[in-house]
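Following: one structure in structure tokens, then a few remarks.
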Amino acid sequence: MTTIHNLGMPRVGAKRELKYALEAYWRGESTSGTLTEVGIQLRGRHWDDQAGLDLIPVGDFSFYDQVLDMSFTLGNLPERVQRFHGDVLDNYFRVARGRSAQNTEGHASCCGGITAGEMTKWFDTNYHYIVPEFSTATEFKLDASRLLEQLAEAKAQGVKAKPVIIGPVTYLALGKTKDHSNKLTLLPRLLPVYTALLDTLAAQGVEWVQIDEPILVTELDVDWQHAFNTAYHHLKLCKIKLLLATYFGQLKENGYLTANLPVAGLHIDAVNDREDVQALMNLLPPHKVLSLGVVNGRNIWKTDLSAALDWIEPLAERLGDRLWIAPSCSLLHVPVDLNSEQKLDDEIRSWLAFALQKLDELRILGKALREGRDAVKAELIANHAALVTRRTSPRVNNPTVQAAIAKIDARYGQRNSNYADRIKKQSVLLRLPPYPTTTIGSFPQTAEIRHVRSEYKAGRLDGFAYKTAMQAEIARSVREQEALELDVLVHGEAERNDMVEYFGEQLQGYAFSQFGWVQSYGSRCVKPPILFGDISRPKPMTVEWITYAQSLTKKPMKGMLTGPVTILNWSFVREDQPRSVSCRQIALAIRDEVLDLEEAGIRVIQIDEAALREGLPLRRAEWKEYLEWAVESFRIAANGVKDETQIHTHMCYSEFNDIIDSIAAMDADVITIETSRSDMDLLNAFDNFKYPNEIGPGVYDIHSPNIPTQEHIVQLMKKAGERIPAERLWINPDCGLKTRQWAEAIPALSNMVAAAKMLRAG
Ligand code: GLN
Ligand code: ZN
């Protein structure tokens, strides 16, 4: 009989209960007891939600992050928190975010907390984990208390528990050494702690442990391949069955290594890696379990259940009890419950499955495999009907859009002249001083702005009143910028709640959920818009606001747009067509907006691509293809303008070393990037590659309330000037100012403008 199981559940709760409980605790408004209780309740509820599965994950819940949990389980705490005593949970939050609850940090108010652990993306998802810190001196020491407590809760609830842990090789691979030592030298120290952990779990009567090694879907050099063999030959002595779980991609050349590791079972992402299954089945030793992730754990579409069965049934025949089925990965990356949605229309809703619905799909598949398809006939018919309406819906298929896409040719992405000629024409019109100053787009999103927006959304404020209020905000931004003597102004983005949602809401082919929250990091969740159909732009989206802003000043007003790659990467996207096609559709819509702005007299247009880098595939071998269509999409969006129109783009990172030629290929006239936190060291990328166009290396960190001094900015710009000719440098902050207050933005920008003047004076 086929075993059905799950790899992990979303943990924030259908109504983001965990978020509110965490934030109340951090503000000092509740106790650790209350927070612990919320954790217990959420875990209990999630286990109930998984009733009927043969094995249910335990230990997938986290108060902040599962990698940080693992660091605590392994006793790998950064030295800077080791001097604190008291509640483990408080130390945990200190590593996660620099400080715990306000009332536990008596002296933190004077010393400002400690350095938070570095955060980075969990593979190619939008979830961020806390990077484990290593040095040659790192020692590990088991603390199984968290897992044991949760196991006890699960037992009390009668749950068939399968503890989930991160495997030793992935754990090492995800961490960073500060002293540049080789992380793999720590493996011999780490393995005994894993052995102790597994023995502890075995002593609790645990039969299966899910040990996650998603690093296996990336390219591994010989040392890391060897580490896998070392690790799992060591752990095979434990009296417990290991289900080695990989997800998010294909095993490819790691297939042989993976299939032969001495574990009891292997889980693979059969949504992304179907091709490898046949080969794996042949490689897999005859005693091993093969768990196939057949329900997409990362997207929100219904599974084609009949097609899945067509594929799985023969495998089940061949493997018998050794076949397990599951979601492709933890359901952490999808919202909790489609039934919470009140506003989605019935048709779109019928195409979707959130975490709870995905578990239902799994149950249906399980039943079909055990009792035959007839036992779930009604469910299969309903599933099929929904898929047919989606496939044939005119809301999904728009022939006009498809025709427009088919017409795209090389000229779309090509400016009329090269940068050197364009810039001459642009300078005549823009008449900017050397070291021109600008900002990245947003100005402080005050409580009043948010209030007006939400009143308007709720229908309590009419369109006229809303427009008047937003225009007043725009006028204020323009006034402040003129007083500051900035050179290229922005309208301030008061009307935007989110840089992707704002455009998604105005594009056809997008839907929005009310509770489709997905954890991004800690208590922060995002609600990605749902791209369900061919994308088109019924009418201009920003022109009215931008032209109003331009009417208030003689200085150039920058039109502000989000780029196609970023809109795509921050959405739930279609899986019925390649991402590149969806991206090109968005690009055409943005192109039309760019041309409308130009037509309306806007001479500088910025197209933000904040998420271009994070779309890079897990395997380097696939980077080229992604970068090609991503850059091409940007070029389609941006490059239809006249030579005289200046195109800017912005990226809030600057690890550009490995993609700098693609960035240059976008051919924006000006790019603004983040560099201040690294003291311009990130400009190293520009040593070997001479970036041909203009650059604004961010001169101060907008995430911090600190006010940068004029001297510091001058010094940073001089450093930048060592690599980029002064006539191609702009001066701007790292990113948009929406999270700052005016009282912080004004003095900071004032110092920035003063620094520009000082540099101009030479
Ligand atoms: N224009 C956006 C802003 O200023 C850019 C935000 C971003 O890059 N994340 O808010
Ligand atoms: Zn940014």
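Whatever order the structure lists ligands and atoms in, that order sets their numbers, starting from 1.
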**OP:** May I have the angle between His650 NE2 and Cys652 SG with its vertex at the Zn ion (ligand 2), rounded to 10°?
**Re:** 120°

Taking only heavy atoms of [X] into account, list the atoms of ligand 1 that are under 4.0 Å away from them.
| X | value |
| --- | --- |
| Met499 | 6 (C), 7 (C), 9 (N) |
| Cys652 | 7 (C), 8 (O), 9 (N) |
| Ala610 | 8 (O), 9 (N) |
| Cys735 | 6 (C), 7 (C), 8 (O), 9 (N) |
| Ser442 | 3 (C), 4 (O), 10 (O) |

Original post:
Does the side chain of Tyr502 come under 3.5 Å of the side chain of Thr542 through a donor N or O and an acceptor N or O?
Top reply: no

Original post:
With a 4.0 Å cut-off, would you call Lys121 and Glu614 a salt bridge?
Top reply: yes

Original post:
With the threshold set at 4.0 Å, does a side-chain nitrogen-carboxylate oxygen contact exist between Glu598 and Arg603?
Top reply: no

Original post:
Looking at residues at least two apart in the chain, or sitting in another chain, which of them share a salt bridge (charged side-chain N to carboxylate O under 4.0 Å, His left out) with Lys555?
Top reply: none

Polar-atom distance check: [X] versus ligand 1, any N or O pair below 3.5 Å?
| X | value |
| --- | --- |
| Glu493 | yes |
| Ile440 | yes |
| His650 | yes |
| Gln606 | no |

Original post:
Closest non-hydrogen protein atom to atom 2 (C) of ligand 1, residue and atom name please, with distance?
Top reply: Asp608 OD2, 3.3 Å

**OP:** Verify, without hydrogens or angle tests, whether Ser580 (side chain) and Trp629 (backbone) share a donor-acceptor contact under 3.5 angstrom.
**Re:** no

Original post:
Do His128 and Tyr64 make the cut of ring centroids closer than 6.0 angstrom?
Top reply: no

Original post:
Does Arg479 reach the side chain of Glu482, with side-chain heavy atoms less than 4.5 Å apart?
Top reply: no

